[in-house]
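Here is the structure we will look at.
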Amino acid sequence: MEYFSLNKNAPRVSFKEAVIRGLAPDKGLYFPSEINPLSKEFIDNIQDYDPVTVAFEVIKQFVGDDIPEEALKNIIHETLSFDFPLVPLGDKTFSLELYHGPTLAFKDVGARFMARCLGYFNSQDAQSENVTVLVATSGDTGGAVASGFFKVPGVEVVILYPSGKVSDIQEKQLTTFGENIAAVEVEGTFDDCQAMVKRAFLDEELIQHKKLTSANSINVARWLPQMFYYFMAYRALAKRPEKIVMSVPSGNFGNICAGMMAQKLGLPIHHFVSGTNANRVVPEFLASGNYDPKPSVATISNAMDVGAPSNFVRIREIYDNNFDVLKSNLTALSYSDEQTEEAIRELYNDFGYIADPHGAIGYLAAREYQKSHSDDLLVFLETAHPVKFRDVIPSPISEAIQLPESILSILPKKKKAEFISTYSQLKSKLIN
Ligand SMILES: *Cc1c(COP(=O)(O)O)cnc(C)c1O
């Protein structure tokens with residue numbers, strides 16, 4: 001399988017090179033040159049296969065010959081070492097809980113898969129120099145990346161996060177690993193962190209010293225394994241006759257974009273709904289036809305505070321840049337913080353269910369779509385454990401959240417982070 005750059009001005013590369021580079025030399029996102037649907041027989045009988053086998057069938061064409069079958073199965077086995085329960089909330093609505101991984105975030109899947117792919121490539125090449133993964137986080141990515149890459153040989157990780165703008169638990173998850181994981185606390189916003197990372201990737205002097213790659217969802221090895229969730233949901237619902245609609249809380253639109261890839265592979269997903277917070281570039285685009293990225297606005301669903309969703313170019317590519325086809329497949333809805341809190345209360349009062357603010361937006365979008373499509377099954381993705389956002393979950397619900405073991409064990413650990421305020425500080429840290 002080859003990957004081309006969506007800026008159309010860089011050579012085609014294999015999976016391995018796309019993973020190591022992250023972004024193409026022309027700064028475009030990589031996209032697979034072919035998408036071959038899976039056999040109808042496989043999809044019709046999906047319940048006969050275990051999750052690792054399903055995931056292997058889903059991803060193998062995108063990896064190609066770069067990782068042999070046994071090694072790839074191993075990587076998938078380690079990636080999917082936890083459950084993805086589908087919890088019914090009423091008759092036709094389900095929460096697909098993606099937060100049972102080591103950092104309680106759905107990003108664990110992509111981060112673990114990518115880390116193990118890079119680890120595999122390093123192990124095959126004794127001469128290879130260390131790779132430095134440089135990533136900016138608004139909260140959730142960092143912990144998943146830190147945990148996924150912890151102790152992976154040949155890989156150094158540097159995580160930038162905005163000082164004072166991540167929750168206490170998220171900060172602990174970022175700053176307590178040590179070893180090959182370094183946390184950098186930046187005076188500024190997430191956009192400032194992101195700008196520093198972008199600048200580093202363009203800095204000729206720096207990239208001569210360091211082999212840098214990204215671990216954001218622009219990396220194909222983080223983006224594509226997210227297809228697994230949709231297959232998992234379908235596998236759990238395959239006996240139901242209704243149409244399946246997926247509602248995805250979205251920020252960079254990587255997750256939902258992977259769902260659309262799953263649909264391209266032949267998975268019977270009838271429609272997509274994206275829920276966003278006040279950062280509503282995509283809903284505005286679908287309403288007006290005008291794509292107008294903006295600086296991000298802070299909300300209580302802060303992992304989705306993205307003003308210029310990086311994966312949206314991939315979504316356009318999936319639908320051949322055809323606005324009408326995209327619009328017939330995607331409904332995009334946006335919600336305020338007040339509505340999000342109200343949804344958290346509603347889920348708790350009606351179902352005794354505690355959602356985090358991101359999942360709550362997925363739920364709101366699912367509900368709204370259901371009003372005009374009452375026959376369909378709605379699956380919303382619950383992308384983070386509520387404990388990670390308990391600071392913004394209304395009382396008394398926040399007190400009812402049980403602290404999972406993985407959180408209890410990091411709370412007493414001591415934070416280790418380097419505080420910086422300028423790009424040159426980052427650069428000298430990376431060079432030394
Ligand atoms: C990253 C994240 C999202 C948004 O996913 P995208 O792929 O960026 O659209 C939603 N919820 C949580 C909890 C996240 O961490």
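Atoms within each ligand, like the ligands themselves, are counted from 1 in listed order. When a residue number appears, it is its place in the shown sequence, counting from 1.
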If you apply the rule side-chain hydrogen bond (donor to acceptor under 3.5 Å, both in side chains), what do you find for Ser336 with Gln339, and how did you get there? CA-CA 5 Å; Ser336 67; Gln339 289 171 306; 3.3 Å; yes

Give the C-alpha distance, both sets of side-chain angles, the deciding distance and a yes or no for ring pair (Phe, Tyr, Trp, His ring centres under 6.0 Å) between His100 and Phe82. CA-CA 6 Å; His100 296 275; Phe82 42 89; 8.2 Å; no

Report the C-alpha separation of Phe323 and Phe285 in whole Å, then their side-chain angles, then the decisive distance to 0.1 Å, and conclude whether the ring pair (Phe, Tyr, Trp, His ring centres under 6.0 Å) test is met. CA-CA 10 Å; Phe323 180 76; Phe285 170 62; 5.2 Å; yes

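Cation-pi check for Arg316 over Tyr291 is met; the charged atom lies under 6.0 angstrom from the ring centroid and within 45 degrees of its normal.
Atoms of ligand 1 lying under 4.0 Å from at least one heavy atom of Asp140, given by number and element, are 13 (C), 14 (C), 15 (O). Residue-ligand proximity, Gly254 to ligand 1, at heavy-atom distances under 4.0 Å covers atoms 6 (P), 7 (O), 9 (O). Applying the 4.0 Å criterion to heavy atoms of Ser250 picks out, from ligand 1, the atoms 9 (O). For ligand 1, the atoms closer than 4.0 angstrom to any heavy atom of Asn252 are 6 (P), 8 (O), 9 (O). Each of the atoms 7 (O) of ligand 1 lies under 4.0 Å from some heavy atom of Asn255. Ligand 1 places these atoms under 4.0 Å from at least one heavy atom of Lys107: 1 (C), 2 (C), 3 (C), 14 (C), 15 (O). Heavy-atom proximity to Ala384, at under 4.0 Å, picks out these atoms of ligand 1: 13 (C).
At least one side-chain heavy atom of Cys117 sits less than 4.5 Å from a side-chain heavy atom of Ile67. By the 4.5 Å heavy-atom criterion applied to side chains, Thr137 and Gln170 are not counted as neighbours. Pro51 places a side-chain heavy atom less than 4.5 Å from the side chain of Met232.
Taking the ring centroids of Phe42 and Tyr49, they lie under the 6.0 Å cut-off.
Counting only heavy atoms of the protein, atom 4 (C) of ligand 1 lies nearest to Gly251 N, 3.6 Å. Among all protein heavy atoms, the one lying closest to atom 12 (C) of ligand 1 is Thr383 OG1, 3.3 Å.
At least one heavy atom of Pro249 sits closer than 4.0 Å to an atom of ligand 1. Contact analysis puts Phe106 in contact with ligand 1, with a non-hydrogen atom separation below 4.0 angstrom.
Checked against a 3.5 angstrom limit, the closest N/O atoms of His358 and ligand 1 fall outside it.
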